[in-house]
Amino acid sequence: MSKYVKDLVANHVKKQVSEVQDALLVDLVGLTANETNTLRGELEAKGVKMMVVKNTLARRALADTTLAPLFSTLGGSAAICWGSEDIVSLAKVVCDLANDKRYADKFVVKCGVMDSERLESDGVKDVSKWPSRTEQLSLLVGQILGPGSGLVAALLGPGSTVAGQIASKAEKDDEAAAE
């Protein structure tokens, strides 16, 4: 490949992932063309993009970006996966597909980058077990609203008991007056 073509490819890779902060590097060796297309379709349906690229070209293209640690020690070809709402959701999607029996031992997570820090394969699997951004927000809202709802229940509980007793007493008085 000529230097001109390499520069074109490197610029294309850089343009594709220019806004990406977190990504995973996966290995696709051994997948047939049909399996790869099926895998790409499943990833795309979940908002994940995948690009197969030669490591030396990617290393050149991403040298001054947050994704540079992905290619610090790898050789050969690999695929970059990015997208989804956050790195946790991305790791969950990719790890679920890596554990799928259709892609077993052929679609393998090599490493990842989270907040400009390199994650090894085991680190990516650990991140996939964390709650996603949406789950974290719902937990936070529950923790914020929990004490407030407890306070409201504590304030309304005795008040509703007193109101019920007054209503009962009023009904008894109405019945006594009607007799």
Side-chain angles (χ1 to χ4, degrees), residues 15-28 31 34-51 65-70 79-179:
K15 183 179 175 184
Q16 287 288 326
V17 295
S18 63
E19 301 293 321
V20 177
Q21 298 297 317
D22 304 315
L24 300 177
L25 198 65
V26 296
D27 189 3
L28 301 171
L31 287 177
N34 289 337
E35 289 172 334
T36 303
N37 286 338
T38 303
L39 176 66
R40 284 180 185 272
E42 289 182 33
L43 289 171
E44 190 67 34
K46 295 178 181 177
V48 176
K49 295 178 181 151
M50 182 174 70
M51 178 175 33
T65 67
T66 59
L67 301 180
L70 279 176
I80 305 170
C81 292
W82 74 93
S84 203
E85 65 180 27
D86 60 357
I87 185 68
V88 177
S89 300
L90 174 64
K92 285 182 182 195
V93 168
V94 172
C95 286
D96 285 346
L97 287 173
N99 292 331
D100 191 332
K101 64 182 178 180
R102 295 175 293 166
Y103 310 116
D105 299 327
K106 297 176 186 175
F107 181 65
V108 179
V109 179
K110 287 184 172 183
C111 62
V113 170
M114 179 175 71
D115 297 330
S116 300
E117 296 291 324
R118 183 180 167 95
L119 295 172
E120 294 304 323
S121 167
D122 293 335
V124 173
K125 290 175 186 171
D126 291 341
V127 168
S128 72
K129 295 174 185 167
W130 294 356
S132 68
R133 182 178 188 278
T134 306
E135 292 167 343
Q136 289 175 354
L137 288 174
S138 66
L139 289 171
L140 181 63
V141 168
Q143 290 175 346
I144 290 171
L145 295 178
S149 65
L151 178 63
V152 168
L155 292 174
L156 293 179
S160 65
T161 303
V162 170
Q165 291 172 348
I166 291 173
S168 173
K169 179 72 171 148
E171 287 176 11
K172 286 181 184 177
D173 289 346
D174 287 344
E175 289 175 4
E179 291 177 357

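We number each residue from 1, following the sequence as shown.
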Where do [X] and [Y] come nearest, in terms of heavy atoms and distance?
X: Ala23; Y: Leu67; value: CB-CD2, 3.8 Å
X: Gly112; Y: Val124; value: N-CG2, 3.9 Å
X: Leu28; Y: Ala79; value: CD1-CB, 3.8 Å
X: Thr66; Y: Val20; value: OG1-O, 3.5 Å
X: Leu90; Y: Cys81; value: CD2-O, 3.7 Å
X: Pro69; Y: Ser116; value: CG-O, 3.7 Å

In Å and rounded to the nearest 0.5 Å, what is the [atom1] to [atom2] distance from [X] to [Y]?
X: Ser128; Y: Asn99; atom1: OG; atom2: CG; answer: 8.0 Å
X: Asp122; Y: Asp126; atom1: CG; atom2: CG; answer: 7.0 Å
X: Ile87; Y: Met114; atom1: CD1; atom2: CE; answer: 7.0 Å
X: Ser138; Y: Leu140; atom1: OG; atom2: CG; answer: 9.0 Å
X: Asp22; Y: Ser89; atom1: CG; atom2: OG; answer: 11.0 Å

Between [Y] and [X], is there a side-chain heavy-atom distance shorter than 4.5 Å?
X: Ile80; Y: Gln16; value: no
X: Phe107; Y: Val94; value: yes
X: Val48; Y: Glu44; value: no
X: Val88; Y: Pro131; value: no
X: Cys111; Y: Arg118; value: yes
X: Trp82; Y: Met50; value: no
X: Tyr103; Y: Thr38; value: yes
X: Leu97; Y: Leu43; value: yes

Notebook entry, point to check: Are any of the side-chain nitrogens in Glu135 or Lys92 under 4.0 Å away from the carboxylate oxygens of its partner?
Noted result: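 A salt bridge links Glu135 with Lys92.
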Considering residues, nucleotides and ligands other than [X], do more than 12 of their heavy atoms fall under 6.0 Å from its [atom1]?
X: Asp105; atom1: CG; answer: no
X: Lys49; atom1: NZ; answer: no
X: Arg133; atom1: CZ; answer: no

Check: How far apart are the C-alpha atoms of Met51 and Val17, what are their side-chain angles, what is the distance that settles it, and do they pass the side chain to side chain contact (heavy atoms under 4.5 Å, CB included) test?
Finding: CA-CA 10 Å; Met51 178 175 33; Val17 295; 4.2 Å; yes
Notebook entry, point to check: Is the backbone N or O of Glu117 less than 3.5 Å from a side-chain atom of Asp115, with the two atoms forming a donor-acceptor pair by type?
Noted result: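 No, because the side chain of Asp115 does not come within donor-acceptor range (under 3.5 Å) of the backbone of Glu117.
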Next item on the list: Keeping the roles fixed (side chain from Glu171, backbone from Ser168), state whether a donor-acceptor pair exists under 3.5 Å.
Entry: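 It does not hold such a pair.
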Checklist line | Arg102 vs Glu42, salt bridge (charged side-chain N to carboxylate O under 4.0 Å, His left out): CA-CA, chis, key distance, verdict | finding: CA-CA 12 Å; Arg102 295 175 293 166; Glu42 289 182 33; 2.8 Å; yes
Next item on the list: Begin from the C-alpha positions of Leu31 and Leu39 and carry the test side chain to side chain contact (heavy atoms under 4.5 Å, CB included) through to its verdict.
Entry: CA-CA 9 Å; Leu31 287 177; Leu39 176 66; 3.9 Å; yes
Note to self: Walk me through whether Thr134 and Glu85 qualify under side chain to side chain contact (heavy atoms under 4.5 Å, CB included).
What the structure shows: CA-CA 9 Å; Thr134 306; Glu85 65 180 27; 2.9 Å; yes
